Amino acid sequence: MTTPQCCANPPTLNTAGGEGKVVDSFGGLTAYVAGAVDSKAAVVLISDIFGFEAPNLRKIADRVASSGYFVVVPDFFHGDPYAPENADRPIQVWRNEHPQAQAFEEAKPVIAALKEQGVTSVGAAGYCWGAKGVVDLAKARELHAAVLLHPSRITVDDIKEVKCPIAILGAEVDHVSPPELIRQFEQVLSSNSGINHLVKIFPGVAHGWAVRYSNDDASAVKSAEEALVDMTDWFNKYLK
């Protein structure tokens, strides 16, 4: 189910944003990349429906890269992010053309390209739409660490099959993945002693808070910063 929260606070996309660069093909996809290419640890970020040109997402990529990672933000939408101003193409139509399963299939060549580059440990984080791709990669043993941020369409059965350390960062005000569901994820992970996990519900924030925040809202920035620190700490723990 898609709710209005999935589409709230759309960013103003910027093709030239960020301190990194856009490459025409990384594992077959156009991608924003940041950080040292000789790093042995890499992080793949999978965007929400607004795609890889979102300025806050690129800021996050740059910050993660500053911790010593080579970061890749692929364009899984092939130049076609969701455009809320297009009344002729509502979100359900767009989602049918961009199923979440495509991120899993298209991320595998990206991960293969990272390994060819010399990377020995790979983590991934997914926001809303992108969380499904990350959890599928975690189920398939493609990752050394995973982070889900205000995930969309993740099920308890998905979490039961995760094979790597996973952090799940949820929102208190979330109609897509409500706190009750996030707590179920925690129960599943707690019953599986072989999977290290962190499950956290951020108070007073809504779905999308970690990446679709206003830089003019000090409280929103603080919460997003906390999520970024938690995510980076998780990768530091399991990728280095």
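Quick caveat, the model's predicted, so the values are computed rather than measured.
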Asks: Run the side-chain contact (heavy atoms from CB on, under 4.5 Å) test against Pro178 and tell me which residues pass, sequence neighbours left out.
Replies: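 Glu180, Leu181.
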
Asks: With sequence neighbours excluded, tell me which residues meet ring pair (Phe, Tyr, Trp, His ring centres under 6.0 Å) with Phe70.
Replies: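 Counting only residues at least two positions away or on another chain, Phe70 forms a ring pair (Phe, Tyr, Trp, His ring centres under 6.0 Å) with Phe26.
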
Asks: With sequence neighbours excluded, what pairs up with Arg89 under the salt bridge (Lys or Arg N to Asp or Glu O under 4.0 Å) test?
Replies: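 Expected list: Asp80, Glu97.
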
Asks: Is the shortest distance from a Lys or Arg side-chain nitrogen in Arg153 or Asp158 to a carboxylate oxygen in the other one below 4.0 Å?
Replies: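 No, this pair does not count.
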
Asks: Give every residue pair that meets the side-chain hydrogen bond (donor to acceptor under 3.5 Å, both in side chains) criterion with at least one member in residues 224-233, sequence neighbours excluded.
Replies: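 Every side-chain hydrogen bond (donor to acceptor under 3.5 Å, both in side chains) pair that includes a residue of residues 224-233, provided the two are not neighbours, is Arg63-Glu225, Lys200-Glu226, Lys200-Asp230.
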
Asks: By ring pair (Phe, Tyr, Trp, His ring centres under 6.0 Å), which residues pair with Phe104, not counting sequence neighbours?
Replies: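 None.
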
Asks: Checking Ala83 now: which residues fulfil side-chain contact (heavy atoms from CB on, under 4.5 Å) with it, not counting sequence neighbours?
Replies: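 Checked Ala83 against side-chain contact (heavy atoms from CB on, under 4.5 Å); matches are Glu85, Asn86.
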
Asks: For His98, what residues pass the ring pair (Phe, Tyr, Trp, His ring centres under 6.0 Å) criterion, not counting sequence neighbours?
Replies: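 Ring pair (Phe, Tyr, Trp, His ring centres under 6.0 Å) list for His98, sorted by chain: Phe77, Trp94.
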
Asks: For residues 107-127, which residue pairs qualify under side-chain hydrogen bond (donor to acceptor under 3.5 Å, both in side chains), counting only residues two or more places apart or in two chains?
Replies: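 For residues 107-127, and leaving out neighbouring residues, the side-chain hydrogen bond (donor to acceptor under 3.5 Å, both in side chains) pairs sorted by first residue read Glu105-Lys108.
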
Asks: Which residues pass the side-chain contact (heavy atoms from CB on, under 4.5 Å) test with Val199, sequence neighbours left out?
Replies: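 Listed in chain order: Ile168, Ile182, Glu186, Leu189, His197.
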
Asks: Please identify each residue that fulfils side-chain contact (heavy atoms from CB on, under 4.5 Å) with Ser219, with sequence neighbours left out.
Replies: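 Per chain and number, Ser219 pairs via side-chain contact (heavy atoms from CB on, under 4.5 Å) with Asp217.
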
Asks: Could you give all pairs that pass the side-chain hydrogen bond (donor to acceptor under 3.5 Å, both in side chains) test and reach residues 16-33, with sequence neighbours left out?
Replies: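 Of all non-adjacent pairs touching residues 16-33, those that pass side-chain hydrogen bond (donor to acceptor under 3.5 Å, both in side chains) are Tyr32-Asp62.
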
Asks: Got a sec, which residues hit salt bridge (Lys or Arg N to Asp or Glu O under 4.0 Å) with Asp48, two or more places apart in sequence or on another chain?
Replies: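 With sequence neighbours excluded, Asp48 shows a salt bridge (Lys or Arg N to Asp or Glu O under 4.0 Å) to Arg212, given in chain and number order.
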
